2 protein chains.
Amino acid sequence: MRRKRVTSKDVAEKVGVSRTTVSLVLNNVRGIQISNETRRKVLETATEMNYVPNAAAQTLASSRTKAIGLVLTRTQHHIATDAFLPKIISGLLTTAKKQNIRILIDWVETEHHDSAYFELAHADRIDGMILSTPRLNDSALKALEGVDIPTVLLGRIAESNLPFVDVDNTKAAEKATSYLIGLGHKNIACIANAPSEYTSAPERVQGYSDALSRLKIPINESLIRYAEFDPESGYECMKSIMKNGDPFTAVFVASDNVAIGAKAALREANLRVPDDISLVGFDNIPWAEYSDPPLTTVQLPAESLAQTACTLILDLINGKSVNIKHQIMLDTELIIRKSCRPI
Amino acid sequence: MRRKRVTSKDVAEKVGVSRTTVSLVLNNVRGIQISNETRRKVLETATEMNYVPNAAAQTLASSRTKAIGLVLTRTQHHIATDAFLPKIISGLLTTAKKQNIRILIDWVETEHHDSAYFELAHADRIDGMILSTPRLNDSALKALEGVDIPTVLLGRIAESNLPFVDVDNTKAAEKATSYLIGLGHKNIACIANAPSEYTSAPERVQGYSDALSRLKIPINESLIRYAEFDPESGYECMKSIMKNGDPFTAVFVASDNVAIGAKAALREANLRVPDDISLVGFDNIPWAEYSDPPLTTVQLPAESLAQTACTLILDLINGKSVNIKHQIMLDTELIIRKSCRPI
DNA sequence: CTACACTAGTAACGCGTGTTAGTAACGCGC
DNA sequence: GCGCGTTACTAACACGCGTTACTAGTGTAG
């Protein structure tokens, strides 16, 4: 039952040429002379025999794996509740597929950063890697700069010279907060999307602070919390802010997913959105548009991010424009719905 | 700057033994005689030199890729809005990591099913594959049964003999619908999670029908719709049902993600949950617990599904218990919250 | 002393491909 | 008829590893 695998040797024998010829034809090697007749025959026979080149052999011979790695560094729980991952994957897949590149997903546990990165890079399993949501305290990032496979960060790290693709979190958060200020709000709470070692969190809080500072509104630290990606943490943060007692009329939650929980906490305290509290989110997940009331939020172009990162890494792998410092920031847009009102 | 890669030959030379010895020691081959002294030296030197075996070479020599494929067959849009993917990936990663197996994600477009499956399997890039959410009309499934790498379906296909892991969708849907009937509801609408070619959709509708039939409640086809995974389609389906005019007091939505949209449509029509309409969902995504009111829904063990599928495929790869027919159904549980009330 | 088992290794092949250096045949100008 | 360029290929090596068959040396029983 088990068909023997077809190799280029089999094809060569059937056509009556050498294996070299088969390889040359199938790889469409330039500047080499093969008669059209032979060329046609080889292509025909290969298709007919269902010949598929062995990936490992190709890799070994050419030292090209035709695969890139998507490396996740969060905890298992954070991966499972990540509302973004599908968009990232979708973006990567579409871009990679066009160039016939495969995507390898890997997960690096916190404790083993160094060795894990290292192994991946040196086992020659992938041509390049995309590192998702890096952290500030990621000691292995330095090591990465010394490693010899192209790497692109999905998210920014100020301390690192690695190429990255990100949105301008600070600017986006400032835009969102300024919108609230424009509506007359002065006491604005802020719940960050993630713990502060994930760079996007402090960046967004910075944007929030910038907006307040620019209009000389004092910053009240007791209105700021750091959530942990999921609704549950948003719920807890919101409750913690309310318990603290300092008055506020608006909340900027730097993640829609977290906002789901924050809203529940407000509801529990009989505070209505937007009548009592104005709410702005971040990410524009599908839920935002259909929530009650529809959530004003920052549109984050997740698929574009992934596509850009993918294109960049492929360029780096192919040695295109390597001398440029690739640090790309994508634009965001504030989508105004009905979760805020003037004070 | 670019360090030359370290091969087993380098290690062998440094220790002063043959490459064979290095290989035997590092792979811990049984029943072979190597002195403890040599063994120690080899291990030490390998670590010291940062030796990482080349994956392609290992694959070529052993015909084991140490990778499994997760094959997605939906459209790009459906992948991007899939609230489940993160859990599946998280489950796969944890299980695979324990055995030092990598995960390759691939996406097969509808038009190229046959050839794409075939290529993946025959390029020897993966040892086995997990096929996510297969469709009924997937003509290539038959071809797959003939292909010689182990395959596990994540989701069930009655027509196929392939091993699968799934939840008992019919039973789960019946449980949910029976709960509504138990509360006194008779006119119950049903919105399926996906188009009917995705097997889970008709299965869940079947469960819904079964529950009604068992209690002799007539089935009204005009209260049934098929959504397309996302909130938007849920919104449209709900509106379509209301427009139709047939009365109903409860809705069973076979996907929480779809329910997000359905709820918005009800709200727009000034119908309140649960006061006017009782609502039951399916999946128990994080949102369900924090929505207003908290949504009664079927708990779908996504991570367990993935872990089970992963374990199964690894067993198949390793030739364990191949003679058993592996068709595994996991249990679901109805989580009762506050989105339903007696009539 | 010989036969034989055991220890500790090694040489050499094969996996399937990409690629370079080389060659045989042929035409063509002088 | 000879030199030379062009066409159309091929032989052979390299990639880095797993693995099998073999060997040299040592102990040990008869």
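Everything quoted here is computed from the prediction, not taken from an experiment.
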Would you tell me whether A:S23 and A:T20 have side-chain atoms, one donor and one acceptor, within less than 3.5 Å of each other?
no

Verify the distance criterion only: is there a donor paired with an acceptor across the side chains of B:E303 and B:S90 at less than 3.5 Å?
yes

Distance test, side-chain N/O of B:T59 to OP1/OP2 of C:dC15, below 4.0 Å:
no

Which whole-number value in Å describes the distance from B:L60 CG to D:dT19 C1'?
13 Å

In whole angstrom, what separates B:N54's CG from C:dC15's C1'?
13 Å

Pair B:E44 + B:R40, salt bridge at N-O below 4.0 Å
yes

Kindly state which residues belonging to residues 21-30 of chain B come within less than 4.0 angstrom of DNA chain D, counting heavy atoms of the residue only, listed by number.
B:S23, B:N27

Rounded to whole Å, please give me the gap between CZ in B:R39 and P in C:dT7.
13 Å

Along DNA chain D (nearest heavy atom to each residue), the more 5'-positioned of A:A61 and A:R19
A:R19

When all nucleic acid strands are considered with a 4.0 Å heavy-atom cut-off, which category describes A:T38: base, sugar-phosphate, or nothing?
sugar-phosphate

A:Q33 has its side chain closest, among D:dC9, D:dT7, C:dG9, to D:dT7

Could you walk me through whether A:V108 and A:L72 pass the side chain to side chain contact (heavy atoms under 4.5 Å, CB included) check?
CA-CA 6 Å; A:V108 173; A:L72 307 175; over 6 Å; no

Please confirm whether the shortest side-chain N or O distance from B:S18 to OP1 or OP2 of C:dA11 is below 4.0 Å.
no

What do the steps show when you test B:T38 against B:S35 for side-chain hydrogen bond (donor to acceptor under 3.5 Å, both in side chains), and what is the final call?
CA-CA 5 Å; B:T38 311; B:S35 74; 2.7 Å; yes

Round to the nearest Å and state the distance from B:K66 atom NZ to D:dG18 atom P.
9 Å

B:S62 side chain N/O closer than 4.0 Å to the phosphate oxygens (OP1, OP2) of D:dG18?
no

Across the strands shown, which category fits A:Q58 at heavy-atom distances under 4.0 angstrom: base, sugar-phosphate, nothing?
sugar-phosphate

Atom CG of B:D124 and atom C1' of C:dT17 are separated, to the nearest Å, by 13 Å

Do the charged groups of B:D106 and A:K97 touch, with an N to O distance under 4.0 Å?
yes

A:E13 atom CD is separated from C:dG16 atom P, nearest whole Å, by 13 Å

Which is more 5' along DNA chain C, the nucleotide nearest A:A56 or the one nearest B:I34? Just name the residue.
B:I34

Could you check how far CG of B:D10 sits from C1' of D:dC17, rounded to whole Å?
13 Å

Could B:K14 and B:E48 be called an ion pair, given the rule that one side-chain N must be under 4.0 Å from one carboxylate O?
yes

Rounded to the nearest Å, what distance is computed from the NZ atom of residue A:K9 to the C1' atom of nucleotide C:dT17?
13 Å

Contact class for A:T20 (heavy atom, under 4.0 Å): base, sugar-phosphate, or nothing?
base

